[in-house]
Amino acid sequence: TITDGGTVTDSSGVTTRRIYINTTPSGAKVLINGGYIGEWTPCNVDLPKGYYVISIQKSGYLSKDYSVYVGSIILQGDAAIIQARNEGLI
């Protein structure tokens, strides 16, 4: 599952959204836009506004891709794609 973990501001003043990613079973590899980010589930990932494809991979299981829009809210699936298109992100 992917859930909204709220807004995070780092020490340099950059504001991101925290995304909580969890799987059953745990220990799945997390990729964002095809790149491994060094995280395994469960984990928190801080992302700036944008459109992302979050992939979850675990040996012995089918991989799963999630379309995610990060903005003032978090959207997934078709809603994420529509919002990202409306904002010219994809």
Side-chain angles (χ1 to χ4, degrees):
T1 58
I2 296 176
T3 56
D4 186 356
T7 302
V8 177
T9 303
D10 69 16
S11 60
S12 64
V14 175
T15 300
T16 58
R17 294 294 292 209
R18 177 161 287 169
I19 308 299
Y20 177 70
I21 303 169
N22 195 14
T23 59
T24 302
S26 62
K29 187 177 186 179
V30 178
L31 296 91
I32 297 183
N33 295 340
Y36 175 56
I37 60 166
E39 295 289 345
W40 301 80
T41 62
C43 65
N44 288 308
V45 179
D46 296 338
L47 297 170
K49 180 178 179 179
Y51 173 78
Y52 302 91
V53 175
I54 298 177
S55 303
I56 308 298
Q57 300 176 348
K58 184 166 177 79
S59 181
Y61 294 85
L62 293 175
S63 295
K64 177 76 176 167
D65 294 333
Y66 296 89
S67 298
V68 178
Y69 167 82
V70 175
S72 59
I73 59 172
I74 305 299
L75 299 172
Q76 295 182 49
D78 290 342
I81 293 168
I82 290 167
Q83 185 66 32
R85 282 188 181 143
N86 287 343
E87 293 187 18
L89 298 172
I90 57 173

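Everything quoted here is computed from the prediction, not taken from an experiment.
- Closest approach of Leu31 and Gly34 over heavy atoms only: CD2-O, 3.6 Å.
- Panel note: side chain Arg17, backbone Ser72; a donor-acceptor pair is recorded below 3.5 Å.
- In this structure Asp46 satisfies the side chain to side chain donor-acceptor pair (under 3.5 Å) test together with Arg18, sequence neighbours excluded.
- Without hydrogens or angle criteria, Glu39 side chain to Val45 main chain gives no donor-acceptor distance under 3.5 Å.
- Summarising the geometry, atom CD belonging to Gln83 is positioned 11.5 Å from atom CD1 belonging to Ile74; distances are rounded to the nearest 0.5 Å.
- By the side chain to side chain donor-acceptor pair (under 3.5 Å) test, Thr16 is found to be paired with no residue, residues two or more places apart in sequence or in another chain being considered.
- Residue Ile54 holds its CD1 atom at 9.5 Å from OH of Tyr66, rounded to the nearest 0.5 Å.
- In terms of hydrophobic clustering, with Ile, Leu, Val, Met, Phe, Trp and Tyr side chains grouped at heavy-atom distances under 4.5 Å, Val8 and Leu47 are assigned to different clusters.
- Taking a 4.5 Å side-chain heavy-atom cut-off between Ile, Leu, Val, Met, Phe, Trp and Tyr, the cluster of Leu75 extends to Tyr51, Val53, Tyr69, Ile73, Ile81, Leu89, Ile90.
- Sorted by first then second residue, the ring pair (Phe, Tyr, Trp, His ring centres under 6.0 Å) pairs that include residues 25-44, not counting sequence neighbours, are Tyr36-Trp40.
- Not counting sequence neighbours, the partners of Lys49 by the salt bridge (Lys or Arg N to Asp or Glu O under 4.0 Å) test are Glu87.
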- Verdict with supporting geometry, Thr9 and Thr15, side-chain hydrogen bond (donor to acceptor under 3.5 Å, both in side chains): CA-CA 4 Å; Thr9 303; Thr15 300; 3.2 Å; yes
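- Here Ser59 pairs with nothing under the side chain to side chain donor-acceptor pair (under 3.5 Å) rule; sequence neighbours left out.
- If you chain together ILVMFWY residues whose side-chain heavy atoms come under 4.5 Å of each other, Ile82 ends up in a group of its own.
- More than 12 heavy atoms of other residues, nucleotides or ligands lie within 6.0 Å of CG in Asp10, so this atom counts as buried by the packing criterion.
- Among residues two or more places apart in sequence or in another chain, the side-chain contact (heavy atoms from CB on, under 4.5 Å) test is passed with Thr3 by Tyr20.
- The side chain to side chain donor-acceptor pair (under 3.5 Å) test applied to Thr1 returns no partner, not counting sequence neighbours.
- Screening residues 52-68 for salt bridge (charged side-chain N to carboxylate O under 4.0 Å, His left out) gives no qualifying pairs among residues at least two apart or on separate chains.
- Here side-chain hydrogen bond (donor to acceptor under 3.5 Å, both in side chains) pairs that include residues 21-30, with residues two or more places apart or in two chains, are Thr23-Thr41.
- When every heavy atom of Tyr52 is checked against every heavy atom of Asn33, the shortest pair comes out as CA-OD1, 3.4 Å.
- Applying the side-chain contact (heavy atoms from CB on, under 4.5 Å) test to Ser63 and every residue at least two apart in sequence or in another chain returns Gln57.
- Distance CD1/Ile19 to CD1/Ile32: 8.5 Å, rounded to 0.5 Å.
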